[in-house]
Amino acid sequence: RMLAGFGRRSRTCMLALSRVPFVAMAVKPPTGGGKTAAASSSSTIPATTTTAADAQRASVSDAYAKVVNNTGGCCVSVPTNRSAIGYSAEDLARAGGADLGVGCGTPVRLAALRAGEVVLDLGCGAGIDCFLAADAVGPRGAVIGVDMTPDMLAKAREGARERGLLAPHLEFRLGEIENLPCADNTVDAVISNCVINLSPDKPAVLSEAARVLADGGEFYFSDVYCDRRLPEHLRSHEVLLGECLGGAMYIEDFKRLCAATGFTDPRVLEGHEIAVTDEALAELLGEARFYSLTYRLFKLPAGRLETLCEDYGQYAVYKGTIAGHPNAYSLDDHHRLEKGKVFPVCGNSAAMLGETWLGQHFDIVGDRNVHYGLFDCGPNPVAVSSSTAAAASCC
């Protein structure tokens with residue numbers, strides 16, 4: 001079975017799914033899953049019974065035990081494909097045996113983690129993103145990896161010992177992403193790489209991420225989404241689940257779920273369209289289209305983020321003080337702010353830039369005392385692949 005993903009796509013506030021440049025890439029399922037928590041599902045999110053959920057977890061856990069024991073896998077694990085989704089040669093060298101080829105993006109890099117932060121990785125697998133995060137947060141920071149597959153955790157812990165990364169700087173916990181073994185309001189950043197689509201209770205996953213995040217914290221994750229709601233026979237298809245397609249959420253349902261769990265106005269950082277090249281699977285899926293997208297979600301006090309971009313006459317000015325971004329900073333794939341230049345923003349963007357860790361790096365002018373209607377948040381694509389980008393080979 002082989003999936004090939006194509007290119008990066010641009011985004012408007014309505015998440016237009018058009019104008020997708022092409023960069024061939026293979027994508028394979030991840031390493032997580034978990035236990036159903038007591039979070040209520042939105043009526044638009046397909047419900048999963050406890051028995052079916054347990055069966056799905058068992059299937060996922062078995063599949064990834066095979067991956068870690070080299071009896072399962074996919075051609076995405078070849079180095080060229082891993083580079084195509086964002087890992088640098090240095091990242092792959094650092095990862096070593098922890099790179100099992102089971103992600104669909106690089107949220108750990110897009111998160112721009114800072115020294116001293118506490119980072120939580122959902123469905124950490126063999127630890128590739130945890131090891132990279134540990135480097136980023138330094139000895140004063142802490143990284144926690146959670147996974148439900150014992151074989152994965154054994155490999156991750158072995159890798160940590162080999163690298164001299166010990167608790168409390170880095171630790172791996174057995175657990176399920178719908179019921180996280182972490183205290184409330186204790187994490188600065190949550191990351192996840194192509195795991196949430198495997199969960200039978202996605203509302204619980206987002207609710208748990210919101211619970212453990214401190215105010216102003218962020219959730220960066222790459223995952224697979226669909227342009228429609230899939231019927232039950234496809235959502236429960238074992239092969240499609242294993243390939244991260246059966247569990248892919250309809251994009252608009254995902255945005256509704258974000259709002260319901262406190263992550264209003266999710267922002268896209270980058271994405272790829274996924275093409276299903278296996279003829280049998282393509283026939284099963286019909287006209288459904290799939291996307292690997294990396295989102296950035298902010299946890300802010302209730303009411304600070306609205307469901308639409310509203311105009312309050314505000315603007316932001318970037319100071320040029322974020323490490324690695326001396327000339328400009330991208331909030332998402334259509335807000336790139338140059339140093340010293342006035343940039344009009346909606347109320348949500350003003351809150352993201354002014355009421356989180358970003359606040360020390362931006363001047364926000366104006367408040368919400370006067371409302372001017374909807375903010376014209378038109379397309380300004382920056383998360384687009386270069387036209388000279390070389391296609392990564394599949395098997």
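Note that the numbering runs from 1 along the sequence shown for the chain. Only this structure's heavy atoms are used, side chains among them; waters, hydrogens and symmetry mates stay out.
Side chain of K202 to main chain of G247: a donor-acceptor pair is present (N/O by atom type, distance under 3.5 Å, no hydrogens or angles). In this structure a side-chain-to-backbone donor-acceptor pair under 3.5 Å is present from H169 to G141. Distance alone, capped at 3.5 Å, is enough to place a donor-acceptor pair between the S199 side chain and the D201 backbone. With R228 contributing its side chain and E287 its backbone, the two residues share a donor-acceptor pair below 3.5 Å. Without hydrogens or angle criteria, N193 side chain to G105 main chain gives a donor-acceptor distance under 3.5 Å. Using a distance-only test at 3.5 Å, with no hydrogens or angles considered, a donor-acceptor pair links the side chain of T356 to the main chain of L358. Looking only at distances, no side-chain donor or acceptor of D129 sits under 3.5 Å from a matching main-chain atom of V108. Looking only at distances, no side-chain donor or acceptor of R304 sits under 3.5 Å from a matching main-chain atom of A351.
By the side chain to side chain contact (heavy atoms under 4.5 Å, CB included) test, L110 is found to be paired with L269, E270, T294, residues two or more places apart in sequence or in another chain being considered. For A210, the side chain to side chain contact (heavy atoms under 4.5 Å, CB included) partners at least two apart in sequence or on another chain are F263. F172 meets the ring-ring contact (aromatic ring centres under 6.0 Å, His included) test with no other residue; sequence neighbours excluded. Applying the ring-ring contact (aromatic ring centres under 6.0 Å, His included) test to F290 and every residue at least two apart in sequence or in another chain returns nothing. Scored by the side chain to side chain contact (heavy atoms under 4.5 Å, CB included) test, A328 finds R336, E338 as partners (sequence neighbours excluded). Looking at residues two or more places apart in sequence or on another chain, you find a side chain to side chain contact (heavy atoms under 4.5 Å, CB included) between P231 and H233, L234. Legend: residues meeting salt bridge (Lys or Arg N to Asp or Glu O under 4.0 Å) with D367, ordered by chain and number and at least two apart, are absent. Annotation: ring-ring contact (aromatic ring centres under 6.0 Å, His included) contacts of H325 (sequence neighbours excluded): Y329.
Here NZ of K299 is found 11.0 Å from OG1 of T261. Values are rounded to the nearest 0.5 Å. Here the straight-line distance linking atom CG of L213 with atom CD of E218 works out to 9.0 Å at 0.5 Å rounding. How far CG of L337 is from OG of S330: 8.0 Å, rounded to the nearest 0.5 Å. Summarising the geometry, atom OG belonging to S292 is positioned 9.5 Å from atom CG belonging to N197; distances are rounded to the nearest 0.5 Å. For the atom pair NZ of K155 and CG of D147, the computed distance is 13.5 Å after rounding to the nearest 0.5 Å. For the atom pair Y220 OH and S192 OG, the distance stands at 14.5 Å (nearest 0.5 Å).
Between C258 and L206, some side-chain heavy-atom pair lies under the 4.5 Å cut-off. Using a 4.5 Å cut-off on side-chain heavy atoms (C-beta onward), E306 and R368 make contact. For the pair L180/L122, a side-chain contact is recorded, criterion being any heavy-atom separation below 4.5 Å from C-beta on. Between V345 and L331 there is no side-chain heavy-atom pair separated by less than 4.5 Å. Looking only at side-chain heavy atoms (C-beta outward), L285 and L240 come within less than 4.5 Å of each other. C377 places a side-chain heavy atom less than 4.5 Å from the side chain of H334. Taking 4.5 Å as the limit, every side-chain heavy atom of Q314 sits out of range of all side-chain heavy atoms of S349. For the pair D332 and V268, the minimum side-chain heavy-atom distance is 4.5 Å or more.
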- Message: Is there a side chain to side chain contact (heavy atoms under 4.5 Å, CB included) between T307 and T264? Walk through the geometry before answering.
- Response: CA-CA 6 Å; T307 56; T264 306; 4.3 Å; yes
- Task: Take M352 and D265, measure what side chain to side chain contact (heavy atoms under 4.5 Å, CB included) needs, and give me the verdict at the end.
- Result: CA-CA 10 Å; M352 293 171 184; D265 196 6; 3.9 Å; yes
- Task: Would you check, one step at a time, whether the test side chain to side chain contact (heavy atoms under 4.5 Å, CB included) holds for T186 with V118?
- Result: CA-CA 8 Å; T186 55; V118 177; 5.9 Å; no
- Query: Run the salt bridge (charged side-chain N to carboxylate O under 4.0 Å, His left out) check on E232 and R235 step by step: do they pass?
  - Reply: CA-CA 5 Å; E232 171 58 29; R235 296 201 309 271; 2.7 Å; yes
- Message: Is there a side-chain hydrogen bond (donor to acceptor under 3.5 Å, both in side chains) between T321 and Q360? Walk through the geometry before answering.
- Response: CA-CA 9 Å; T321 51; Q360 61 185 306; over 6 Å; no
- Evaluate side chain to side chain contact (heavy atoms under 4.5 Å, CB included) for C104 paired with H272, printing each intermediate quantity in order. CA-CA 9 Å; C104 59; H272 306 83; over 6 Å; no
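For the salt bridge (Lys or Arg N to Asp or Glu O under 4.0 Å) condition, the pairs that include at least one residue of residues 309-323, sequence neighbours left out, are K319-D363. Screening residues 104-119 for salt bridge (Lys or Arg N to Asp or Glu O under 4.0 Å), with sequence neighbours left out, gives D91-R109, R114-E117. For the salt bridge (Lys or Arg N to Asp or Glu O under 4.0 Å) condition, the pairs that include at least one residue of residues 181-195, sequence neighbours left out, are D184-R211.
Between E252 and K255 a salt bridge is recorded (basic side-chain N to carboxylate O distance below 4.0 Å).
In terms of heavy-atom proximity, E178 sits nearest to A204 at CB-CB, 3.8 Å. Taking all atoms of both residues into account, the shortest heavy-atom contact from L230 to A248 is CD1-O, 4.5 Å. Of all the heavy atoms in P107 and S222, the pair that sits closest is CD-OG, 3.3 Å. Counting all heavy atoms, side chain and backbone alike, V137 lies closest to A142 at CG2-N, 3.9 Å. Here the closest non-hydrogen pair linking G127 and A156 is N-CB, 4.2 Å. Annotation for N348 and L305: closest pair OD1-CA, 3.3 Å, computed over non-hydrogen atoms.
In the hydrophobic cluster analysis, where Ile, Leu, Val, Met, Phe, Trp and Tyr join through side-chain heavy atoms closer than 4.5 angstrom, Y250 is grouped apart from L293. The hydrophobic cluster containing F362 does not contain Y312, counting ILVMFWY residues as joined when their side-chain heavy atoms lie under 4.5 angstrom apart, directly or transitively.
Other members of the hydrophobic cluster containing V317, listed by chain and number, are Y315, V342, V365; membership follows side-chain contacts under 4.5 Å among ILVMFWY residues, whether direct or relayed.
Annotation: Y295 is in aromatic contact with Y225 [ring centroid separation under 6.0 Å].
Aromatic ring orientation, H361 versus W357: perpendicular (interplanar angle above 60°, classes split at 30° and 60°).
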